[in-house]
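Worksheet for the structure shown next.
The sequence lines fix the lettering, A, B, ..., with proteins before strands; numbering per chain opens at 1. Every value quoted in this text rests on a predicted model; they were computed, and no experiment measured them.
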Amino acid sequence: MAEQISVSQISKYIGQEVTIKGWVYNRTDKGKLCFLLVRDGSGFIQCVAFKGDLQPETFDLLTHLPQESAVIVTGAVREDKRAPGIPGGYELGVKQIEIVQEAGLDYPMSLKDHGPDFALDHRHLWIRMQSQWAILRVRAVVMAATRAWLDSNGFFEMSAPILTPAAAEGTTTLFETEYFDEGKAYLAQTGQLYNEANIFAFGKVYCFGPTFRAEKSKTRRHLTEFWMLEPEIAFCDLGGLMEVEEGLITHIAQTVLRDCAAELKFLGRDVSKLENVTGAFPRMSYDDAAKYLIDLYEKETDSERKELLKFEWGMDFGAPHEAELTKLHDKPLFVYGYPSAVKAFYMEPWPGRPEVCKSVDLLAPEGYGEICGGSERISDHDALLARIHKEGLPEEAFKWYLELRKYGSVPHSGFGMGVERVVAWICGIEHIREAIPFPRTIKRVYP
RNA sequence: UCCUCGAUAGCUCAAUCGGCAGAGCGAGCGGCUGUUAACCGCUAGGUUCCAGGUUCGAGACCUGGUCGAGGAGCCA
């Protein structure tokens, strides 16, 4: 009885007879020779059958196997540079094949390109394709690396509620639902306020889960449901926060480089760009960034681009501005000290400059833009209350949040990291809808 | 909410000035002992997004609509 193995472990079994359980990804007949590219979830491997090695009826069955048929293949592993697959370079000489299910002939996914509408309508099948498989494997490693780094650096995962009573960040649009006799409840757009309660019990915490924004954003950087990591740290200032982000992002990038080499290679990612993601990241003040952007705007001669680059102090960066800033470095870039007016109400003002707050965004290189946004939080009760009033937020809804400032308040900081944006950047893909198994966009809740 | 672009075979697309609805892939059959999204031959496959209009004649032009994509704003 041959040992059942996974394709990802194939290199350890050269010369041995093994069994692989999976699905036919592609088939090529060549007369007395038949190639099956079989995927098993862990990778893709070429299985080669010679007519002379098998019963005639078995070989005939093989050459008529529809794409996506479920199979159990047994054969000897050998190294062959010609063999395609992920990792590739190994193949199985078929000795025996059992067909678990012969797939229907009308499988709609082609190995060639699909348009976004068709691909997304068939997302339940699209995820089987090599490109999507590779991206989602990277996503899983990004998420595991995120938890691993935080867990080994003294953080505790504290799940935040998804059904929440009110807007956390004011103006942003919320998904609304009926909640028994209590009136309306809303899908969480952040777990941060709950994290701030948790740090006073656990010191360093994070929540990691789906968040929801009913914004009508229709760009390659937006989903209505996306996964966000939100660490929050007691006794931590803005500088300390940036060190945490550096440590985490470095660990994520280096872990993916180590564990997803085959996936990155398949995606055609230039890994030298990711190898740069280590150590201290460059830091730039909002003031300096604004000067740079204004200069760029004034020098731009193309009228269309000039309109996009339009900038003055006090504005938040648009995607074109972020792209320009990230071109300055080959590492992620911190931009800190944004105008308070464009940031959330809970951010600590800069000492001596109340128009600026102790916030920091982390911009991914190569034009990918914001992947993390965070700040030092207001720790003083009266200052926070004043900000709530100024923003016109309902004081009653923030009663418990304000109370945190009465019993042992300390300087504290936190940030949010958009998982899909990180995955899109690491994989080098165009659109974050491919960085989540089943994307939710303004125009799509199916499948 | 605004701007731009698009919708033709299962998929990706072509169709010149308004004049017979086309190709590649996929599917079926046949051929080939090293294919890499194989290749070669044959076969099947169409409500040209919908509703009107102009015209001898509309996939193409006009009006209205539907759906999608990219971007802006907002944000992670």
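Nucleotide B:rU35 holds its C1' atom 11 Å from the CG atom of A:Leu37, rounded to whole Å. In this structure, A:Glu430 places its CD atom 11 Å from C1' of B:rG70, rounding to the nearest Å. One can place CE of A:Met109 at 17 Å from P of B:rA37, the figure rounded to the nearest angstrom. With rounding to whole Å, A:Phe35 atom CZ is found 4 Å from B:rU35 atom C1'.
The shortest distance between the side-chain N/O atoms of A:Arg221 and the OP1/OP2 oxygens of B:rA72 is below 4.0 Å. Here A:Lys30 reaches the OP1 or OP2 of B:rG34: one of its side-chain N or O atoms lies under 4.0 Å away.
A:Arg305 comes within contact range of no nucleotide atom at all, as no heavy-atom separation falls under 4.0 Å.
If you take atom P in B:rA9 and the same atom in B:rA60, they sit 15 Å apart, rounded to whole Å. When the C1' atom is compared between B:rC42 and B:rC32, the two are found 16 Å apart, to the nearest whole Å. To the nearest whole angstrom, the two C1' atoms, one in B:rU47 and one in B:rC39, are 36 Å apart.
Cation-pi check for A:Lys204 over A:Phe156 is not met; the charged atom does not lie both under 6.0 angstrom from the ring centroid and within 45 degrees of its normal.
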With pairs defined as Watson-Crick or G-U wobble and both distances under 3.5 angstrom, please note down RNA chain B as a dot-bracket string, | for pairing with another strand. (((((((..((((.....[..)))).(((((.......))))).....(((((..]....))))))))))))....

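For B:rC75, the base has a donor-acceptor partner in the side chain of A:Arg421 [N/O atoms by modelled type, under 3.5 angstrom]. Contact annotation: side chain of A:Lys218 to base of B:rA69, donor-acceptor pair present below 3.5 Å.
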Contacts under 3.5 Å, N or O only, protein and nucleotides 5-14 of chain B:
from	atom 1	to	atom 2	distance (Å)
B:rC11	O2'	A:Asp113	O	3.4
B:rC11	O2'	A:His114	ND1	2.9
B:rU12	OP1	A:Gly115	N	2.6

